[in-house]
Structures are given as structure tokens and as C-alpha cells.
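Accompanying notes for the structure given below.
Please read these numbers as outputs of a predicted model, since none were measured by experiment. Atom set for the values below is all heavy atoms of this structure, side chains included, hydrogens, waters and symmetry mates excluded.
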Amino acid sequence: LFFTLLLNPQTSTAQWDDPGAAVLQDGTLQFNHSSLLEIGGRPAIAFCDKDNYQVRFQRATDSKGTSWGASVLVDAGVFTGLYGMDMEIINGNPAVANSSHSTLDIRYSRSFNSTGDFWLSTTVVVPSVSTTPIEDVDLEEVNGKPAIAYYDSDDGDLYYVRATDADGSSWGAPVLIASTGDVGRHLSMSVIAGRPAIAYYDATNQELKYIRANDPDGVSWGTPVTPWSSGDTGLFPSLIEVNGHPAITFAEATNNRLLYMRAFDATGMIGTSWSLPTIIMNHRGENMEMLIIEGKPGIAYYTGFGDQDLRYVYSQDMNGINWNTPEIVDDGSAAIGNILSMAIID
């Protein structure tokens with residue numbers, strides 16, 4: 001488990017050395033998922049502990065992550081955090097959504113305080129979702145309450161569930177979002193124009209899909225639109241709001257490209273309202289994450305088997321029309337960055 005911090009994304013995307021890579025835990029755990037955030041002015045990571053296969057939380061003792069405190073237990077469930085996991089600030093405190101490889105459920109844990117020193121008991125949001133590991137789980141605060149989007153690998157459907165209170169101590173029933181074919185893999189949820197929205201991969205049709213709720217809570221949802229459908233495309237999407245409009249970065253397997261699209265309107269719910277894809281690079285990105293960095297979109301991604309590098313690319317403008325040359329953040333003979341999380345730190 002590594003932590004790396006960018007020095008100055010606006011003037012130089014090459015200086016990934018402040019304070020440099022810090023090893024928080026050694027090990028060979030293949031599916032050690034993690035999620036990075038700035039908590040109380042310091043970097044913090046929720047991760048799967050290789051020794052007991054449980055979710056733990058660890059926070060730095062300084063603003064850059066030069067040194068780190070002891071980790072604390074988040075979820076004591078069996079084989080939690082091996083696959084999908086996401087950490088967000090919920091009602092002022094860090095919270096984690098994940099699944100158990102053993103009980104195959106959707107789980108939610110929230111800290112008792114704003115710095116993550118103590119954690120409340122884990123809530124099983126949806127029990128026994130599938131018979132195979134749940135790889136795609138995304139947590140967001142939606143209209144003041146936590147909400148989780150997840151993919152059910154048994155029926156190949158996309159679901160959304162939202163808590164009935166601000167802390168997430170009780171939850172409503174899951175809402176079926178999309179069910180035509182094998183849909184919902186590699187999902188990414190974000191709040192777009194005040195409503196939850198999800199970008200995902202349609203494995204049946206090999207297309208990029210996007211859907212947005214009809215209301216701020218996500219009680220009902222519209223019909224999915226297809227922003228892009230050329231070849232096998234739409235893998236590993238990351239959805240955020242860019243300059244007031246939804247935008248998605250994703251991989252195209254057919255031509256081995258990293259692509260980016262932004263809608264012409266604030267909702268993105270008209271299929272023809274999306275721009276043609278911008279080709280960021282002619283190599284494929286996997287397990288990517290996009291954020292707004294100094295007012296412009298930036299993307300961290302893993303290049304996939306071949307280079308097997310962790311890279312970062314930064315737009316030259318607010319809308320993502322033109323992009324700089326990607327920088328290699330970390331490389332090596334083995335896979336570096338195949339499971340990643342990016343956040344604004346210090």
C-alpha cells in the first residue's frame with residue numbers, strides 16, 4: 001500500500017516527490033483495495049489489511065503524509081475490502097462502503113468523529129447480494145444522506161440504495177437502475193446538477209452508459225443514454241461534474257485508447273448532447289479516477305498490462321478540450337497502480 005503526493009499540479013505534473021512514496025503496509029495481497037481522502041487537513045486511507053482481511057483506517061500525522069499514525073479497525077467483517085471499497089465524508093465524518101467476500105453483502109461504516117479515530121458498528125445495507133464477489137461499490141452523499149451504487153454480478157444489474165438518515169444508521173430498499181443485459185460494471189457515481197448520476201459499462205453491448213435520477217434523492221431514475229458506442233468502449237469510467245456539465249473519462253478496448261467526453265448541457269440525459277470523445281492517449285487506461293485540480297480536470301490511471309505504470313494527465317483548459325502529455329508517477333517491473341485512489345492533499 002503506497003501513498004504518493006503531487007507537488008504542484010498547475011505548473012508541473014512531473015514532480016511527484018513531495019514527500020515521495022510512503023509504504024504504509026508491505027504484502028502481496030492481490031486485491032488490496034484502498035480509498036484516499038483528506039481528513040481534518042491530513043491524508044487518510046481506508047484499506048484492506050493484508051494480515052486479517054478487514055477494513056482499516058490510517059491517517060497521517062502531518063499535512064503531507066510524511067509520517068503516519070496507527071491504523072484503526074473500521075469493519076471487522078470477514079474478508080472485507082478485498083474488492084470494491086469507497087470512502088467519503090458523510091455528515092462531516094469519514095465513512096466507508098464496501099462488501100464482504102465471505103457474506104457477499106453491501107456494508108457501510110461511519111466514524112464517530114471527524115478525524116476517524118473511532119468507528120461505529122458496521123451496518124449491513126443489503127444482505128447476500130450475490131454468490132460472487134461484489135467488485136463495484138460507490139459511496140456518495142446525496143441530498144444530505146449517504147447513498148451507494150453497486151453492481152450485482154449474479155443478475156448483471158445496477159442498483160442504488162440511500163440511507164433514511166444523515167448518518168447512515170438505517171437504509172431504504174435498493175432501487176433497480178438498469179437491467180437490460182449485463183449492465184453496471186465499472187460504475188462511477190456523482191451528483192450532477194443536484195441529482196445522483198451514474199456512468200457505467202454495458203458489457204452486453206460493449207457501450208458507455210450514463211443515467212441520472214429524476215429527483216434529488218434518487219427515488220426514480222430516467223432511461224439510460226449512450227454517450228459513446230464505437231467498438232468495445234466505456235470500461236473503467238470516472239464521472240464528475242466539469243465546469244457545470246457531466247464529464248466521463250473511460251477506456252476503449254478496441255483501439256486501446258484513453259478517452260474523455262463532456263456533455264453540452266448540465267444534465268447529460270440526451271444522448272445527442274454529448275461531445276465526440278477526446279483522445280487523451282493512444283494507450284488504454286484502467287481503474288482510473290478523475291478530479292478537478294486547480295479548476296481543470298485531471299486523471300490518475302493505470303496503463304494496464306504492458307507498461308503497467310501509474311500515470312497522471314492534466315487538462316490545459318476548464319472543459320477538458322486539450323490535454324497535456326501524461327506523466328509517469330510510478331513504474332516498475334510489476335503492476336504499479338492497478339488499484340488506485342486520488343484526492344486533493346495539502
Side chains of [X] and [Y]: donor-acceptor distance under 3.5 Å anywhere?
{"X": "Ser114", "Y": "Asn93", "value": "no"}
{"X": "Asp155", "Y": "Tyr159", "value": "yes"}
{"X": "Asp232", "Y": "Tyr201", "value": "yes"}
{"X": "Ser169", "Y": "Asp167", "value": "no"}
{"X": "Thr80", "Y": "Ser100", "value": "no"}
{"X": "Thr132", "Y": "Ser153", "value": "yes"}
{"X": "Asp182", "Y": "Tyr151", "value": "yes"}
{"X": "Thr164", "Y": "Lys145", "value": "no"}
{"X": "Ser170", "Y": "Asp165", "value": "yes"}
{"X": "Asn338", "Y": "Asn287", "value": "no"}

Point-to-point distance, once rounded to the nearest 0.5 Å, from [atom1] of [X] to [atom2] of [Y]:
{"X": "Ser35", "Y": "Ile45", "atom1": "OG", "atom2": "CD1", "answer": "9.0 Å"}
{"X": "Asp105", "Y": "Asn98", "atom1": "CG", "atom2": "CG", "answer": "8.0 Å"}
{"X": "Tyr200", "Y": "Leu158", "atom1": "OH", "atom2": "CG", "answer": "6.0 Å"}
{"X": "Gln58", "Y": "Asp49", "atom1": "CD", "atom2": "CG", "answer": "9.5 Å"}
{"X": "Ser341", "Y": "Leu37", "atom1": "OG", "atom2": "CG", "answer": "7.0 Å"}

message: I'd like to know if the side chain of Arg212 reaches the main chain of Ala193, judged simply by a donor and an acceptor atom lying under 3.5 Å from each other, with no hydrogens or angles considered.
response: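 At least one qualifying donor-acceptor pair exists.
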- request: Mark yes or no for whether Arg59, through its side chain, and Ala70, through its backbone, hold a donor-acceptor pair below 3.5 Å.
  value: no
task: Would you please indicate if the ring centroids of Tyr160 and Trp221 are separated by under 6.0 Å?
output: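 Yes, ring centres under 6.0 Å apart.
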- prompt: For the ring pair Tyr314 and Trp323, is the centre-to-centre distance below 6.0 Å?
  reply: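 No.
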task: State, to 0.1 Å, how close Pro216 and Asn143 come at their nearest heavy-atom pair, and which atoms those are.
output: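 Scanning both residues, the minimum pair turns out to be O-CB, 3.6 Å.
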task: Identify the heavy atoms of Glu88 and Leu139 that sit nearest to each other, and give their distance.
output: CG-O, 3.0 Å
Should [X] and [Y] count as an ion pair when the cut-off is N to O under 4.0 Å?
{"X": "Arg185", "Y": "Asp136", "answer": "no"}
{"X": "Asp62", "Y": "Lys64", "answer": "no"}
{"X": "Arg195", "Y": "Asp215", "answer": "no"}

query: According to the interplanar angle, ranging from 0 to 90°, do the rings of His101 and Phe79 count as parallel (below 30°), tilted (30 to 60°) or perpendicular (above 60°)?
result: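 Perpendicular.
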